[in-house]
Amino acid sequence: MTSNDAPSGGARFGFRPRNVYYGWYIVFATGFVMTIATVPLFHAMTLWAVALENSFGWPRGQLSLALTLTRIEGGLMGPIEGYLTDKLGARKMVFMGFIILGIGFLIFWQIDAGFWPVAPLYMFYAAYMVMAAGQGMGSWVPMMTTINNWFSRRMASAMGWANFMSRGGALIVIPLIDLGINGSVGVPFTGHTLGIGRAIGWENVALILAILILVAALPLSYVIRNRPEDMGLQAEGTETSSPARGGRRTPPAPQGLTAQQAVRTSAFWLIALGHGMTSMIILAIFTHLGLLLKDAGFEEYAGTVVILYTMVSMFSQPLGGYIGDRFPKRYGLFVFTTIQAGAVLLLTFSTELWMFYTFAVIFGFGFGGRNPLTTSIRGEYFGRGNFGKILGISTIPMNGLLLISSPFAGYMYDWRGSYTIAFLVLAAFNFIGGVFFLFAKRPSIPTTPAAAAPVAAPAPAAGDS
C-alpha cells in the first residue's frame with residue numbers, strides 16, 4: 001500500500017472507499033464550491049445585466065462598473081486571501097466566504113427596497129462588492145491552494161477535473177437562473193425557447209441563491225482537508241518519506257520559493273500579466289455578451305450562448321489539464337489563449353445567431369483549456385510551501401488589468417454605440433497575454449525552504465526567466 005492509499009488519519013471518514021485517494025474528494029468539493037461561488041456571480045453576470053437594464057434603464061458603463069469595483073476590491077484582498085489561506089486553511093476560508101457571499105446576495109435581493117439611504121444603483125455596487133469579497137475568500141484562492149497541496153504529478157489534471165465539475169454545475173445553474181429571471185431559455189440551434197410560464201424575477205432568484213449558499217456553507221467546509229499530511233497521507237505523485245518511530249511517516253518539508261523570492265523572478269510577472277491580459281475579455285464578455293445579443297435581436301438566446309460555451313469549456317478543461325501534465329504548460333497556454341482571442345474576433349463581427357453559436361464553441365474550447373493551466377503553472381514553477389501567498393500577490397497586477405476591461409467596453413458602447421473597437425482592443429490584449437505566457441520559463445525550485453537560496457533579480461530581456 002502506498003502512502004497515497006494509506007488509510008491512516010482518514011479511516012474515520014467511513015464514506016470514503018479505501019482505494020480512493022482523498023485528494024479526489026477535494027477535487028469534487030472544489031468543483032462544487034466553484035459552481036456555487038462563481039457561476040451566479042460572474043458567469044451569470046450577463047443575465048443580471050440584461051435584467052437590471054430592463055428594470056432600471058441604467059447606462060451600460062454604469063452597469064459594468066460593478067465588476068470594476070470587485071476587481072479593485074480583489075486587488076486589495078488578494079494578498080490577504082492568500083495569507084489567510086496559508087494561515088487558516090481552506091476549510092475555514094470556505095465557511096467564512098460562503099457566509100459573506102450569502103449576505104451579499106441578500107443585499108442584492110433588496111437593492112430596490114425603500115429603506116436604503118442611497119439609490120438602487122449604489123446598493124447594486126455595494127451588494128456586488130460584498131458578494132465578491134465572499135467569493136474571493138471562499139473559492140478560487142483557497143481551493144486552488146488546496147489542490148496544489150494535495151497533488152504534484154497530476155496537479156494540472158486535478159485542476160482541470162475540478163473546473164470540469166464546475167462547468168458541469170454551471171450547465172444546471174445558468175439555465176435555472178435564466179428560467180427564473182425570464183421564464184424561458186433558448187434551445188441551441190433550433191430557434192425555439194423552453195418556457196416555464198411566469199418568471200419569478202431576478203430579485204427572487206437572488207433570494208433563492210442566498211439561501212442555498214448559506215445552507216451549503218457548513219457541509220461543504222466539512223469535506224475539505226487543507227493538506228494530505230493532516231490525514232497521514234502524502235501529496236499525490238511525491239515519494240514516500242522515511243517512517244519515523246512508531247511506524248508513522250514523517251511528512252516532507254514543503255517545497256518551493258518564498259513569496260519574496262517568487263516576485264523577484266520574471267516568470268511571476270509574465271504569468272500574472274499574461275493571466276490578467278487573457279482574462280480581460282472574459283470579464284467583459286461576462287457583462288456585455290447578453291447586451292450584445294440584445295442589440296442583435298437575440299436577447300432570449302443570451303443564456304443559451306452562455307450555456308453553450310460553458311458546455312464546451314467543461315470538456316476542454318480536462319484536455320487542458322492532460323496537456324499541461326505532459327507538455328510544457330506555457331506552450332499549452334499560448335495555444336489555448338490564441339484560440340480564445342480568435343473567438344473574440346468572430347464575436348466582434350457576428351450578426352447571425354449561428355455566428356454567436358460558433359463563437360461560443362471556439363471560445364469555450366480556448367477558455368476551458370487555458371483555465372487549469374493558468375493556476376497549475378504557478379504550482380509547478382513556485383512549489384507548495386507558499387502557494388496561497390504567491391497566488392494572492394499575483395492578483396494585484398491581474399486585477400489592475402481586469403478592473404478596466406468591463407467598463408472600457410461599456411463606456412465605448414455608450415460613446416460609439418458599438419462594441420467593435422472595445423472588443424478588438426481586448427482581443428489584441430488577449431493575444432499579447434498569450435505571448436507573455438510563452439516566454440515565462442520555469443525558475444529553479446529549492447528542495448526545502450531552509451535550503452532556498454536567494455533568487456537573483458532577472459535580467460530585463462524578454463523571456464529570460
Side-chain angles (χ1 to χ4, degrees), residues 34-60 62-67 70 101 104-105 107-109 111-112 120-121 124-125 127-128 131-132 135 166-167 169-188 193-210 212-213 281-311 313-314 347 353 356-357 359-360 363-364 367 406 409-410 413 419:
M34 298 295 286
T35 297
I36 297 175
T38 64
V39 172
L41 184 64
F42 292 117
H43 293 271
M45 177 59 190
T46 195
L47 303 177
W48 300 121
V50 173
L52 292 170
E53 183 182 62
N54 291 338
S55 295
F56 299 103
W58 296 331
R60 295 182 183 182
Q62 292 182 350
L63 268 173
S64 58
L65 188 59
L67 285 183
T70 67
L101 178 61
F105 268 103
I107 299 173
F108 186 35
W109 165 51
I111 63 171
D112 198 23
L121 176 63
F124 169 55
Y125 293 160
Y128 240 74
M131 290 188 286
Q135 185 269 341
S166 172
R167 295 299 181 270
L171 292 178
I172 299 172
V173 174
I174 290 174
L176 290 176
I177 292 175
D178 199 9
L179 285 170
I181 293 175
N182 301 308
S184 64
V185 60
V187 180
T193 59
L194 175 66
I196 59 171
R198 185 178 179 181
I200 64 174
W202 65 266
E203 301 96 329
N204 290 323
V205 173
L207 174 61
I208 293 171
L209 287 169
L212 291 176
I213 291 166
I281 188 61
I282 296 172
L283 208 63
I285 285 174
F286 283 174
T287 308
H288 297 283
L289 179 59
L291 299 168
L292 179 63
L293 283 159
K294 178 183 176 182
D295 292 342
F298 304 116
E299 177 180 348
E300 67 271 25
Y301 293 98
T304 307
V305 175
V306 174
I307 293 166
L308 185 56
Y309 78 61
T310 301
M311 182 169 59
S313 72
M314 171 183 174
L347 174 67
L353 188 57
F356 289 105
Y357 286 154
F359 150 77
F363 178 77
F367 169 49
S406 184
Y413 178 88
Y419 288 113

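Numbering of residues begins at 1 and proceeds along the displayed sequence.
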Any side-chain heavy atom of Thr35 sitting closer than 4.5 Å to one from Val173? yes

Hey, could you give me the CG/CD distance between Asp178 and Glu300, rounded to the nearest 0.5 Å? 10.0 Å

Any non-hydrogen side-chain atom of Ile285 less than 4.5 Å from a side-chain atom of Phe367? no

Over all atoms of both residues, closest heavy-atom pair of Val305 and Phe356: CG1-O, 4.1 Å

With sequence neighbours excluded, what pairs up with Leu171 under the side-chain contact (heavy atoms from CB on, under 4.5 Å) test? Ile307, Thr310, Met311, Met314

Please assess Leu52 against Trp202 for the test side-chain contact (heavy atoms from CB on, under 4.5 Å), listing each intermediate value before the final yes or no. CA-CA 8 Å; Leu52 292 170; Trp202 65 266; 3.9 Å; yes

Are the side chains of Phe363 and Ile282 in touch, meaning some heavy atoms are under 4.5 Å apart? yes

Quick one: closest heavy-atom pair of Leu293 and Tyr301, and the distance? CD1-O, 4.1 Å

If you compare all heavy atoms of Thr46 against all heavy atoms of Val306, which two are closest, and at what distance to 0.1 Å? CG2-CG2, 3.6 Å

Can you tell me how far CG of Asn54 sits from CG of Asn182, rounded to the nearest 0.5 angstrom? 8.0 Å

Phe105: ring-ring contact (aromatic ring centres under 6.0 Å, His included) partners, not counting sequence neighbours: none

Exercise: identify the closest heavy-atom pair between Val39 and Ser166: CG2-O, 4.4 Å

Sequence-distant partners of Trp58, side chain to side chain donor-acceptor pair (under 3.5 Å), two or more places apart: none

Who passes side chain to side chain donor-acceptor pair (under 3.5 Å) against Asp112, sequence neighbours left out? none

Which pair of heavy atoms, one from Leu101 and one from Ala37, lies closest together, and at what distance? CD2-CA, 3.7 Å

Any residue meeting ring-ring contact (aromatic ring centres under 6.0 Å, His included) with Tyr125, in chain and number order, not counting sequence neighbours: none

Sequence neighbours excluded, the answer for side-chain contact (heavy atoms from CB on, under 4.5 Å) partners of Glu203 is Trp109

Short side-chain to backbone donor-acceptor contact, Tyr128 and Leu41, under 3.5 Å: yes

Side chains of Thr304 and Leu353: does their closest heavy-atom pair fall under 4.5 Å? no

I need the Tyr309 OH to Leu347 CG distance, nearest 0.5 Å. 10.5 Å

For Tyr413, give me all partners under side-chain contact (heavy atoms from CB on, under 4.5 Å), at least two apart in sequence or on another chain. Arg60, Asp295, Tyr419

Taking every heavy atom of Glu299 against every heavy atom of Val50, the minimum-distance pair comes out as OE2-CG1, 3.4 Å

Interatomic distance, CE@Met45 vs CG@Leu63, rounded to 0.5 Å, equals 6.0 Å

Set of residues satisfying side chain to side chain donor-acceptor pair (under 3.5 Å) with respect to Ser313, sequence neighbours excluded: Arg167

Side-chain touch His288/Leu292, heavy atoms, less than 4.5 angstrom: no

Residue list, side-chain contact (heavy atoms from CB on, under 4.5 Å) with Val205, at least two apart or on another chain: Trp48, Ile177, Ile181, Ile200, Leu209

Ile174 vs Leu47, side-chain contact (heavy atoms from CB on, under 4.5 Å): CA-CA, chis, key distance, verdict: CA-CA 9 Å; Ile174 290 174; Leu47 303 177; 4.1 Å; yes

